Amino acid sequence: MKIIKSIQEMSAYSQAQLAAGKSIGFVPTMGYLHEGHGALMDRARKENDCVVISIFVNPLQFGPNEDFERYPRDFARDENVAINNAVDVVFYPEVHEMYPNNPSVVLHVKRRVQALCGKTREGHFDGVATVLSKLFHLVSPTRAYFGMKDAQQVAVVEGLITDLNYPMELVACPTVREEDGLAKSSRNVYLSPQERREAPVLFRSLKLAAELLEKEKNITLVKEKMVEYVETETSGNVDYFEILSYPELEEVPYSTQTMIIALAVQFENARLIDNLLITPKERDL
Ligand code: AMP
């Protein structure tokens, strides 16, 4: 497995692969790899001739009071995980390699960011779109793999690829969970033992919301009940509990279109997110 730190080398590698007629599967990450990332690498391995992952904690997507400095990092461990997942290249640039100057151009995401994390994390998706745009140019992936754990990110990336005409396919992969239902996340290490015991309530509330919606068909009522449920069963504060259209993320009546139930909960040192996609059937309405 190759570890590439320079932009020039990354670009040369991808161009050589493409010239040889090879397909490239790409998994962008911020490292501290777990089985969620593993599932993406696995899928990329099955569907492409070569697999590139990036490990880059992107300062542009963190707000001033967010966890950029203390975001968990362990390259030695990540390297082993990548080797075990038969990755061909880890692209691991320093911040000054990606942003040598104060950037003169950044991207601004206009749609699908007015709700959920886009509402509370100002500028977050602009930072995500900007770094991905650079990475897509450098890696030239045939297919890029993203987790539905970050469903809003998938919606934004879909817009980025479509609007800027990247000649690549977006592959959205299901959320990988712990046995008790908690979505795997690099940020789970921030949870205290007590918070870790409470955390499965997030996924439980999403499933409960889906059941209640089928019966009640009243989005406002279900949201209210679920905020109360999560705040009673955990020590966290609900940042949002939303039920919206997907991927547009707009407030719509309960209908046959695909909808997302999504929540964010702030614990003492960790903000956790999770979501569930539902497609109500005609007979439920
Ligand atoms: P991150 O390193 O957190 O930026 O995540 C990199 C990629 O892995 C993103 O596309 C995430 O959506 C995806 N990912 C993170 N956690 C999970 C999970 N539990 N299941 C599936 N994909 C995940």
Side-chain angles (χ1 to χ4, degrees), residues 25-47 51-63 66-68 70-75 77-79 81-82 85 87 90-93 95 98 112 116-118 121 124-125 127-136 139 141 143-161 168-191 196 199-200 202-203 206 246-247 260 262-264 270-277:
F26 178 42
V27 182
T29 83
M30 298 202 298
Y32 215 71
L33 303 175
H34 50 68
E35 288 88 344
H37 301 111
L40 270 52
M41 295 186 246
D42 222 40
R43 178 98 183 256
R45 183 73 277 167
K46 290 198 178 95
E47 296 178 353
V51 175
V52 176
I53 74 165
S54 60
I55 296 182
F56 181 62
V57 184
N58 172 34
L60 249 52
Q61 71 192 64
F62 287 78
E66 292 184 1
D67 56 347
F68 173 69
R70 67 184 181 102
Y71 193 83
R73 294 162 169 92
D74 186 344
F75 187 71
R77 183 171 157 274
D78 288 350
E79 197 180 340
V81 176
N85 281 281
V87 165
V90 178
F91 181 46
Y92 181 51
V95 171
M98 290 294 277
R112 304 178 174 180
L116 310 183
C117 293
R121 300 187 69 189
H124 169 69
F125 287 109
V128 169
T130 302
V131 78
L132 286 176
S133 168
K134 284 171 72 79
L135 290 169
F136 290 165
V139 177
R143 298 177 190 86
Y145 295 80
F146 288 85
M148 282 305 287
K149 154 87 178 12
D150 301 285
Q152 188 169 24
Q153 175 167 271
V154 169
V156 166
V157 175
E158 199 266 320
L160 171 72
I161 291 175
M168 52 181 274
E169 189 189 326
L170 165 63
V171 184
C173 304
T175 302
V176 177
R177 300 178 178 282
E178 304 286 354
E179 265 180 28
D180 60 13
L182 173 64
K184 296 209 183 230
S185 164
S186 308
R187 289 187 169 101
N188 289 348
V189 293
Y190 297 150
L191 296 171
R196 175 62 190 85
L202 272 69
F203 187 45
L206 295 172
Y246 190 84
I260 186 169
L263 88 165
R271 182 177 173 279
L272 301 188
I273 59 170
D274 202 352
N275 70 82
L276 190 64
L277 284 195

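When a ligand or atom number is given, it counts from 1 through the structure's own listing order. Residue numbers run from 1 in the order of the sequence given. Note that this is a predicted model, so its numbers are computed, not measured.
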K.L.:
Between F68 and R73, is there a cation-pi geometry (under 6.0 Å to ring centre, at most 45° from the normal)?
P.N.:
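Yes, R73 and F68 form such a contact.
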
K.L.:
To the nearest 0.1 Å, how far is atom 5 (O) of ligand 1 from its closest protein heavy atom, and which atom is that?
P.N.:
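It is H37 NE2, 3.4 Å.
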
K.L.:
So is R77 actually on top of Y32's ring, under 6.0 Å and inside 45° of the axis?
P.N.:
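Flagged: R77 positioned over aromatic ring of Y32.
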
K.L.:
Taking only heavy atoms of M30, which atoms of ligand 1 are found under 4.0 Å from at least one of them?
P.N.:
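Selected atoms, number and element: 1 (P), 2 (O), 4 (O).
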
K.L.:
With heavy-atom distances below 4.0 Å as the criterion, list the atoms of ligand 1 near Q153.
P.N.:
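Near Q153, meaning under 4.0 Å from one of its heavy atoms, ligand 1 has 9 (C), 10 (O).
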
K.L.:
Around atom 15 (C) of ligand 1, find the nearest protein heavy atom and jot down its residue, atom name and distance.
P.N.:
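Residue, atom and distance for the closest contact: H34 CE1, 3.9 Å.
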
K.L.:
Is any side-chain heavy atom of C117 less than 4.5 Å from a side-chain heavy atom of R271?
P.N.:
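In short, these two side chains touch, coming nearer than 4.5 Å.
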
K.L.:
Taking atom types as modelled and ignoring hydrogens, do the side chains of Y145 and E47 form a donor-acceptor contact shorter than 3.5 angstrom?
P.N.:
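There is such a pair between these side chains.
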
K.L.:
Among all protein non-hydrogen atoms, which one is nearest to atom 10 (O) of ligand 1, and what is the separation to 0.1 Å?
P.N.:
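Going atom by atom, the protein heavy atom closest to atom 10 (O) of ligand 1 ends up being G147 N, 2.9 Å.
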
K.L.:
If we only count N/O pairs under 3.5 Å, is A183 in contact with ligand 1?
P.N.:
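No: no nitrogen or oxygen of A183 is under 3.5 Å from one in ligand 1.
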
K.L.:
Taking the six-membered ring of F203 (Phe, Tyr or Trp), confirm whether the NZ or CZ of R177 is under 6.0 Å from its centre and within 45° of its axis.
P.N.:
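Verdict for F203: a cation-pi partner in R177.
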
K.L.:
Nearest non-hydrogen atom to atom 12 (O) of ligand 1 belongs to which of L33, D150, D274?
P.N.:
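Among L33, D150, D274, the closest heavy atom to atom 12 (O) of ligand 1 comes from D150.
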
K.L.:
Any idea which part of C173 is under 4.0 Å from ligand 1, heavy-atom wise: side chain, backbone, both or neither?
P.N.:
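None of C173 does.
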
K.L.:
Under 4.0 Å, heavy-atom basis, I'd like to know which part of L40 is in contact with ligand 1: side chain, backbone, both or neither.
P.N.:
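Just the side chain.
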
K.L.:
Minimum heavy-atom separation for R43 and C173, please, with both atom names.
P.N.:
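Residues R43 and C173, closest heavy atoms: NH1-SG, 4.0 Å.
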
K.L.:
Would you check whether K184 has a nitrogen or oxygen atom less than 3.5 angstrom from a nitrogen or oxygen atom of ligand 1?
P.N.:
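There is such a contact, yes.
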
K.L.:
How far is atom 6 (C) of ligand 1 from its nearest protein heavy atom, and which residue and atom is that?
P.N.:
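Minimum-distance protein heavy atom for atom 6 (C) of ligand 1 reads P28 O, 3.4 Å.
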
K.L.:
For the residue pair F136 and F146, categorise the inter-ring angle as parallel (less than 30°), tilted (30 to 60°) or perpendicular (more than 60°).
P.N.:
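F136 and F146: perpendicular rings.
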
K.L.:
For ligand 1, find out whether one of its N or O atoms is nearer than 3.5 Å to an N or O atom of V176.
P.N.:
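For ligand 1, there is an N or O atom that lies under 3.5 Å from one belonging to V176.
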
K.L.:
Distance to the ring centre below 6.0 angstrom and angle to the axis at most 45 degrees; does that hold for R196 and Y190?
P.N.:
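Checked: cation-pi criterion not met.
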
K.L.:
Looking only at distance, does Y145 have an N or O less than 3.5 Å from an N or O of ligand 1?
P.N.:
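Looking only at distances, the answer is no, because the N/O contact criterion of under 3.5 Å is not met.
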
K.L.:
Does any non-hydrogen side-chain atom of N58 lie less than 4.5 Å from one of L132?
P.N.:
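Counting from C-beta outward, L132 and N58 never come under 4.5 Å.
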
K.L.:
Flag F146 as yes when one of its N or O atoms lies below 3.5 Å from any N or O atom of ligand 1, and as no otherwise.
P.N.:
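No, since none of the N or O atoms of F146 sits under 3.5 Å from an N or O of ligand 1.
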
